[in-house]
Visitor: 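Sharing a structure with you now.
Lettering follows sequence order; numbering is per chain, from 1.
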Number of protein chains: 2
Amino acid sequence: LDSQIPFPRLALIGVGYIGGSAALAARRAGLVGAVVGCDVNPESCRQGRARGVLDDVAESPAAAVAGASLVLLAAPVGSLSGLITSIAGHLVPSATVIDVGSVKLPVVVQADSVLPSGAFVACHPMAGAEHVGVAAADPDIFSGRLCYLCPGTRTRAEAVTAATRFWEGVGCQVARLDAALHDQLMAAVSHLPHVAAYALAGCLGQVLPLVEANAMPGGPTTSLRDTLRIAASSPQVWRDIFLANRDHLLPLVVALEQQVHALGKAMANGDAKALEAALISGQANRRRLLK
Amino acid sequence: LDSQIPFPRLALIGVGYIGGSAALAARRAGLVGAVVGCDVNPESCRQGRARGVLDDVAESPAAAVAGASLVLLAAPVGSLSGLITSIAGHLVPSATVIDVGSVKLPVVVQADSVLPSGAFVACHPMAGAEHVGVAAADPDIFSGRLCYLCPGTRTRAEAVTAATRFWEGVGCQVARLDAALHDQLMAAVSHLPHVAAYALAGCLGQVLPLVEANAMPGGPTTSLRDTLRIAASSPQVWRDIFLANRDHLLPLVVALEQQVHALGKAMANGDAKALEAALISGQANRRRLLK
């Protein structure tokens with residue numbers, strides 16, 4: 001019976017890897033009934049149907065949320081403000097709206113002002129972000145992964161309960177965190193590593209002919225593979241994250257640039273002591289960060 | 001019978017993670033008889049005995065190589081020149097000398113001049129470099145991994161055969177490469193990723209209080225874990241590698257610094273187009289590098 005399904009109608013706005021994976025996992029767990037999708041790219045909706053993510057496709061975000069008990073905003077962070085504005089007048093009174101973005105304060109502030117019903121719960125499931133596109137959607141990626149909830153000042157308690165039910169239902173471990181603190185923490189433990197990976201990948205363009213002419217038997221080094229893994233992530237998703245969180249991120253990017261410069265200077269000067277001290281310090285920081 | 005053992009006496013100069021792992025693997029494969037070790041740190045020799053790596057400990061490199069059929073130099077790259085000089089007059093005529101360093105041209109040039117018997121084969125087994133210390137030695141790390149051989153102009157064919165037998169015996173896939181080309185290639189696919197990882201780890205010192213005060217349920221992000229993995233490597237080993245290969249490495253370090261700067265500048269300017277273009281380029285480079 002539909003009445004036993006927690007969310008009889010799910011609207012998925014932004015049909016990509018994370019949203020598609022969440023919808024598949026929710027369907028498998030019996031959390032959702034019909035899933036209706038909407039994306040700026042019609043091809044994503046076509047793939048979403050083919051992948052079994054979507055039952056139906058809507059022409060606009062406003063049309064998608066009509067009658068939806070749960071709205072999952074899974075578009076790049078930079079488009080959330082416009083999406084929230086465009087759906088605000090079309091939600092049913094009991095609807096819960098959640099997102100999956102990696103930056104929380106801007107969307108919390110905007111939803112608090114535009115969705116005064118308190119329907120919005122800012123969410124950040126931390127899973128599989130280097131994959132791109134709904135065709136690769138995988139319902140298993142949330143198993144055991146952390147999902148931060150960052151309710152705003154106006155968020156209804158029932159909406160937090162609904163969001164918790166959804167994310168725990170797809171396999172996440174849910175934790176609450178202040179939105180500003182979330183953004184500050186993510187700048188350090190997620191966004192800056194992405195800057196480092198993209199910068200490394202970017203500057204290696206000049207050695208592509210060398211590397212391709214001397215392909216390594218058995219494939220590239222594991223050090224290259226691991227340090228570049230997250231540079232596979234969506235450029236559009238990460239462009240938006242970097243811009244949305246730049247107040248927290250920029251000071252760290254400047255510090256990263258200074259560290260690279262200091263290592264290069266120690267090499268250029270043949271300064272073994274300074275070089276060793278910098279590596280010892282980095283090694284010690286790593287141990288504390290990952291413990 | 002000892003005569004059936006390919007290398008009846010192995011001298012291990014530098015008793016650490018890689019050398020210890022190679023000695024354990026060689027013993028297990030029946031490649032070596034007695035293993036005698038020597039290290040500047042007596043504690044490493046003590047641990048080497050406890051770990052089953054060493055049968056005997058020598059007072060000096062010269063004493064260790066006396067009577068050895070195979071000499072494995074597994075000390076940091078910066079100490080190889082001194083070690084080669086100190087053992088040169090003490091090798092038996094049929095001995096083969098191999099190393100495990102990540103920079104090849106300097107040691108090849110030096111061995112060609114100091115060991116005119118052609119005993120030296122420069123080797124680079126690419127395995128497990130982020131682990132530190134003989135106590136962690138693991139004979140399985142070479143299985144299926146690439147080992148480059150970079151013979152010098154004077155290297156005897158018999159020495160190359162012996163080195164190949166040793167590395168294939170412990171599980172490696174052996175490939176030959178010109179020493180200068182090896183160093184140029186490693187600067188790109190291994191040494192620069194280490195610079196990036198150590199720089200990231202170094203600049204995150206300032207966020208340790210934030211990260212420790214907000215420990216993430218389930219542990220840190222996988223992006224942080226993967227990008228920092230190789231910053232666990234030995235600071236002494238990597239100090240030497242960075243200095244020994246700085247002619248190839250420094251231009252790439254400068255390029256990395258410029259990339260980080262460019263990403264920060266695009267963020268500061270709110271330049272979404274420039275940011276996206278840089279990320280698209282990095283993502284495309286990664287795909288070509290790792291294919």
Visitor: Top residue by heavy-atom pair count (under 4.5 Å) with chain B, among A:S190, A:G218, A:A272?
Guide: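 Most heavy-atom pairs under 4.5 Å with chain B: A:A272.
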Visitor: At their closest point, which heavy atom of B:V134 faces which heavy atom of B:S44, and how far apart are they?
Guide: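 Taking every non-hydrogen atom into account, CG1-O, 3.6 Å.
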Visitor: Under the salt bridge (Lys or Arg N to Asp or Glu O under 4.0 Å) rule, what do A:K265 and A:D271 come out as? Steps first, then yes or no, please.
Guide: CA-CA 8 Å; A:K265 191 176 161 192; A:D271 189 342; over 6 Å; no
Visitor: Where on B:P220 is there a heavy atom nearer than 4.5 Å to chain A: the side chain, the backbone, both, or neither?
Guide: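 Contact with chain A: side chain only.
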Visitor: Where on A:M126 is there a heavy atom nearer than 4.5 Å to chain B: the side chain, the backbone, both, or neither?
Guide: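 Just its side chain gets close to chain B.
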Visitor: Test side-chain hydrogen bond (donor to acceptor under 3.5 Å, both in side chains) on A:T85 and A:Q110; report intermediate values, then the result.
Guide: CA-CA 9 Å; A:T85 301; A:Q110 209 249 347; 3.1 Å; yes
Visitor: Examine whether an atom of B:E212 lies under 4.5 Å from a heavy atom of chain A, and if so say whether it belongs to the side chain, the backbone or both; otherwise answer neither.
Guide: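 The side chain, not the backbone.
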Visitor: Among B:R287, B:Q236, B:K291, which has the most heavy-atom pairs under 4.5 Å with chain A?
Guide: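 Ranked by contacts with chain A, first place is B:Q236.
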Visitor: Heavy-atom pairs under 4.5 Å with chain B are the metric here; pick the option from A:D240, A:L204, A:V195, A:V207 that has the most.
Guide: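 Max contact count across the listed options: A:L204.
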Visitor: Among the options A:T222, A:V189, A:L263, pick out the one with the most heavy-atom pairs lying under 4.5 Å from chain B.
Guide: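 Answer, by heavy-atom pair count under 4.5 Å with chain B: A:V189.
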Visitor: Is chain A contacted by the side chain of B:Q258, its backbone, both, or neither, given a heavy-atom distance below 4.5 Å?
Guide: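 Neither the backbone nor the side chain of B:Q258 comes within 4.5 Å of chain A.
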Visitor: Tell me, out of A:L146, A:L290, A:T221, who's got the most heavy-atom pairs with chain B below 4.5 Å.
Guide: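 Most heavy-atom pairs under 4.5 Å with chain B: A:L290.
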Visitor: Provide the closest heavy-atom pair for A:L275 versus B:R239 in the form atom of the first, atom of the second, distance.
Guide: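 That would be CD2-O, 3.8 Å.
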Visitor: Tell me, out of B:L252, B:D247, B:L200, who's got the most heavy-atom pairs with chain A below 4.5 Å.
Guide: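 Top count of heavy-atom pairs under 4.5 Å with chain A: B:L200.
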Visitor: If you count heavy-atom pairs under 4.5 Å with chain A, which of B:A215, B:G78, B:P217 comes out on top?
Guide: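 Of B:A215, B:G78, B:P217, B:P217 has the most heavy-atom pairs under 4.5 Å with chain A.
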Visitor: Does the side chain of A:L80 come within less than 4.5 Å of A:D99's, by heavy atoms?
Guide: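 When only atoms from C-beta onward are counted, A:L80 and A:D99 do touch, with a gap below 4.5 Å.
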Visitor: Using non-hydrogen atoms only, which part of B:R145 is less than 4.5 Å away from chain A: side chain, backbone, both, or neither?
Guide: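 Only the side chain of B:R145 comes within 4.5 Å of chain A.
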Visitor: Taking C-beta and beyond as the side chain, do A:E257 and B:H261 meet within less than 4.5 Å on heavy atoms?
Guide: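 SC-SC contact between A:E257 and B:H261 confirmed.
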Visitor: Do A:Y148 and A:W167 have side chains that get closer than 4.5 Å, going by heavy atoms?
Guide: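 No, every pair of side-chain atoms sits at 4.5 Å or beyond.
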Visitor: Counting only heavy atoms closer than 4.5 Å, note whether B:N269 contacts chain A via side chain, backbone, both or neither.
Guide: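 Contact with chain A is through the backbone of B:N269 alone.
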Visitor: If you tally heavy-atom pairs under 4.5 Å against chain A, which of B:P251, B:G205, B:A196 wins?
Guide: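 Between B:P251, B:G205, B:A196, the count favours B:G205.
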Visitor: Answer with side chain, backbone, both or neither: which region of B:A175 has an atom nearer than 4.5 Å to a non-hydrogen atom of chain A?
Guide: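 Interface part for B:A175: side chain.
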Visitor: Side chain, backbone, both or neither: which part of B:I230 has an atom under 4.5 Å from a heavy atom of chain A?
Guide: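 Side chain of B:I230 only, per the 4.5 Å heavy-atom cut-off to chain A.
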Visitor: Counting only non-hydrogen atoms closer than 4.5 Å, does A:Q283 touch chain B with its backbone (N, CA, C, O), its side chain (CB onward), both, or neither?
Guide: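 A:Q283 touches chain B through backbone and side-chain heavy atoms alike.
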Visitor: Of the non-hydrogen atoms in B:A25 and B:F142, which two are nearest, and what is the gap between them?
Guide: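 So the two residues come closest at CB-CD1, 4.3 Å.
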Visitor: Looking at A:A268, A:G282, A:A201, A:P235, which has the largest count of heavy-atom pairs under 4.5 Å with chain B?
Guide: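 Result: the option with the highest number of such pairs is A:P235.
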Visitor: Using non-hydrogen atoms only, which part of B:M216 is less than 4.5 Å away from chain A: side chain, backbone, both, or neither?
Guide: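 Contact with chain A involves both backbone and side-chain atoms of B:M216.
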Visitor: With a 4.5 Å limit on heavy-atom distance, are the side chains of B:V103 and B:M186 in contact?
Guide: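 No, side chains not in contact.
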Visitor: Return the minimal non-hydrogen interatomic distance between A:A179 and A:K104, and the atom names on each side.
Guide: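 Scanning both residues, the minimum pair turns out to be CB-CB, 4.0 Å.
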Visitor: Check step by step if side-chain hydrogen bond (donor to acceptor under 3.5 Å, both in side chains) holds for B:S102 and B:H191.
Guide: CA-CA 9 Å; B:S102 296; B:H191 305 170; 4.6 Å; no
Visitor: Would a 4.5 Å heavy-atom cut-off, applied to side chains only, mark B:R288 and A:V211 as touching?
Guide: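 Not in contact.
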Visitor: Heavy-atom distances under 4.5 Å only: say whether B:A266 touches chain A with side chain, backbone, both or neither.
Guide: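 Answer is backbone: N, CA, C or O of B:A266 sit under 4.5 Å from chain A.
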Visitor: With a 4.5 angstrom heavy-atom cut-off, which part of B:L250 approaches chain A: side chain, backbone, both or neither?
Guide: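 Answer is side chain: those atoms of B:L250 sit under 4.5 Å from chain A.
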Visitor: Do you know which of A:L192, A:N214, A:V253 has the most heavy-atom pairs under 4.5 Å to chain B?
Guide: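 Among A:L192, A:N214, A:V253, the one with the most close pairs to chain B is A:N214.
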Visitor: Is there a salt bridge (Lys or Arg N to Asp or Glu O under 4.0 Å) between B:D226 and A:R229? Walk through the geometry before answering.
Guide: CA-CA 8 Å; B:D226 284 359; A:R229 179 180 62 84; 2.6 Å; yes
